[in-house]
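The structure appears right after this line, and notes come after that.
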Amino acid sequence: MDFIDLKTQYRQIEPQLRKRIDAVLAHGQFIMGPEIGELEKKLAEYVGVKHCISCSNGTDALLMPLMAKGIGPGDAIFTTPFTFVATAEVISLLGATPVFVDIDPVTFNIDPAKLEQAIGGFQKGERPTSKHPAGLKAKGIIGVDIFGLPADYDAINRVAAKHGLFVIEDAAQSFGGMYKGRMAGSLAEIAATSFFPAKPLGCYGDGGAVFTNDDELAAIMRSIRIHGQGSDKYDNVRVGINGRLDTLQAAILLTKLEIFDKEIKDRQEVAARYSEGLKGIVKTPSIPDGYRSAWAQYSVLSENRDQLIEKLKKAGIPTAIYYPKPLHLQTAYKILGYKKGDFPVAEEIAEKIFSLPMHGYLNEKNQTHISFCLKQPSKP
Ligand SMILES: *Cc1c(COP(=O)(O)O)cnc(C)c1O
């Protein structure tokens, strides 16, 4: 059994995929070829925003908006410790400082009430640790849509507006998700997504995109994406990056986008079957009213995580732990001076969580087998 089955998907789209790839090989515009503009237009329409800027990966999709906002040393960005390291890494890469805020125990996303409290305290001069100097200025918030479920952006945007901060939506896992009738990728001033192969919409390599309705930010990010390009290739008006998406990856994404809605629908069914079959065995995910998860991961909680993972392993069923260690306890972030106990919810979830195989092609038979294996008594 595959954790994420990309082979079945490939078999279903192979002829269309080959046609699209052949077209790129024939025209030979491997960098910024016509498929890039075509994809950006379709993605912007899908998400319901004015601008889509495709780019090299989800990490650069987070980096470019921070660069466009001029973030650097002395700036503080609030985010969750329960995420993939890239969310905080981009803040640090620019010399700015991540300030972590604990998560909600049900959604595993940043807790807006704690965010409000943390920013309020910060504005009054309180600092989370002694390593966060008094001179730091609060600038923005990165909300993360963990496992495909959007964070509570009405609340996050409200707190941000009150304190004059910008908001970036890290929609790396939530492309295809929804919040109160709006698509993930449209829920904050700027959103970033990833097309890493295992994400809900994945290409065959690295890829990402940024979304915004703001014309000026979009123009700056388009420039940053190509070495801070100005009016022509050798006019550089700002410091940028080599952040382009390959034309071949755009061709692959255009093909996969055709079946994406169906896959998202199928993922809802897979998740519903899991939640039914796993009742009483593990704590299954709860999706609040008005939300739709893109189900990047189907993650459950158990006090006996290690035993359950072992049972599945013996039956040849793969699992994964996202994430075993919250960012405030990572070696790379020792420098921020956090300690165990600072974010009790994130720490507890990290000890109990694990993820089961999840993709739109997972059938009922396999899911029944997974629940069956989990229900077996552990051998001493
Ligand atoms: C995958 C991921 C990223 C980074 O995306 P890449 O394409 O791997 O660079 C950023 N944030 C989150 C939450 C992710 O899951």
Side-chain angles (χ1 to χ4, degrees), residues 3-4 6 39 43 52-67 77-94 98 100-101 103-104 107-110 140-151 153 156 167-177 179 184-185 187-188 190-211 221 224-225 241-246 249-250 252-253 256 293-299 320-328 330 332-333 346 349-350 353 355 358-359:
F3 191 67
I4 293 172
L6 294 174
L39 177 70
L43 291 176
C52 167
I53 299 113
S54 65
C55 64
S56 37
N57 54 63
T59 308
D60 285 346
L62 288 165
L63 183 66
M64 296 199 304
L66 291 176
M67 289 173 75
I77 306 289
F78 293 79
T79 193
T80 161
F82 193 68
T83 178
F84 181 58
V85 68
T87 312
E89 180 182 52
V90 289
I91 301 167
S92 308
L93 271 173
L94 293 173
F100 296 121
V101 175
I103 56 171
D104 177 277
T107 64
F108 313 140
N109 282 322
I110 199 164
I141 300 163
I142 304 182
V144 178
D145 307 343
I146 206 74
F147 305 140
L149 180 70
Y153 287 97
I156 294 170
V167 180
I168 296 173
E169 176 191 0
D170 181 344
Q173 302 182 5
S174 63
F175 195 79
Y179 173 80
L187 305 176
I190 314 174
T193 198
S194 164
F195 304 124
F196 182 83
K199 307 279 170 161
L201 178 64
C203 56
Y204 290 155
D206 278 308
V210 187
F211 298 93
M221 291 191 289
I224 288 171
R225 169 175 68 177
I241 62 174
N242 177 358
R244 296 167 299 229
L245 179 71
D246 290 343
Q249 300 300 348
I252 289 153
L253 287 165
K256 290 203 187 187
S293 178
W295 294 110
Q297 303 296 340
Y298 186 90
S299 304
I321 298 180
Y322 304 111
Y323 294 92
K325 199 191 260 189
L327 297 188
H328 68 288
Q330 292 286 351
Y333 280 120
I349 300 296
I353 204 156
S355 305
M358 173 45 103
H359 50 83

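Quick note: residue numbers are just sequence positions, from 1. Start at 1 and go down the list; that is how both ligands and their atoms are numbered.
When non-hydrogen atoms are compared, ligand 1 lies under 4.0 Å from the side chain of T83 (C-beta onward) but not from its backbone. Contacts between I146 and ligand 1 below 4.0 angstrom, taking non-hydrogen atoms only, are absent altogether. Contacts of T59 with ligand 1, taken as heavy-atom pairs under 4.0 Å, involve both backbone and side chain.
Ligand 1 places these atoms under 4.0 Å from at least one heavy atom of Q173: 13 (C), 14 (C), 15 (O). Ligand-side atoms of ligand 1 in range of S194: 5 (O), 6 (P), 7 (O), range being under 4.0 angstrom from any heavy atom. The ligand atoms of ligand 1 that sit less than 4.0 angstrom from a heavy atom of N57 are 7 (O), 9 (O). The distance from ligand 1 to the heavy atoms of V144 drops below 4.0 Å at these ligand atoms: 13 (C).
Residue K199 places at least one N or O, backbone or side chain, under 3.5 Å from an N or O of ligand 1. Below 3.5 Å of separation, one finds an N or O of G58 facing an N or O of ligand 1. For a threshold of 3.5 Å applied to N or O pairs, the pair formed by D206 and ligand 1 contains no separation below that value.
Here the closest non-hydrogen pair linking P326 and A350 is CD-CB, 3.9 Å. Annotation for L245 and G208: closest pair CD1-N, 4.2 Å, computed over non-hydrogen atoms. S174 approaches E169 most closely through the heavy-atom pair OG-OE2, 4.0 Å. Residues T193 and A61 approach most closely at O-CB, 3.7 Å, considering heavy atoms. Across all non-hydrogen atoms, the minimal contact from S293 to L149 is OG-N, 3.6 Å.
Proximity of a side-chain donor or acceptor of D145 to a complementary backbone N or O of A151 within less than 3.5 Å is detected.
By the side-chain contact (heavy atoms from CB on, under 4.5 Å) test, Y322 is found to be paired with F3, F147, Q297, A320, S355, residues two or more places apart in sequence or in another chain being considered.
Counting only heavy atoms of the protein, atom 11 (N) of ligand 1 lies nearest to D170 OD2, 2.8 Å.
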N109 vs Y153, test: side-chain hydrogen bond (donor to acceptor under 3.5 Å, both in side chains). Steps then yes/no.
CA-CA 11 Å; N109 282 322; Y153 287 97; over 6 Å; no

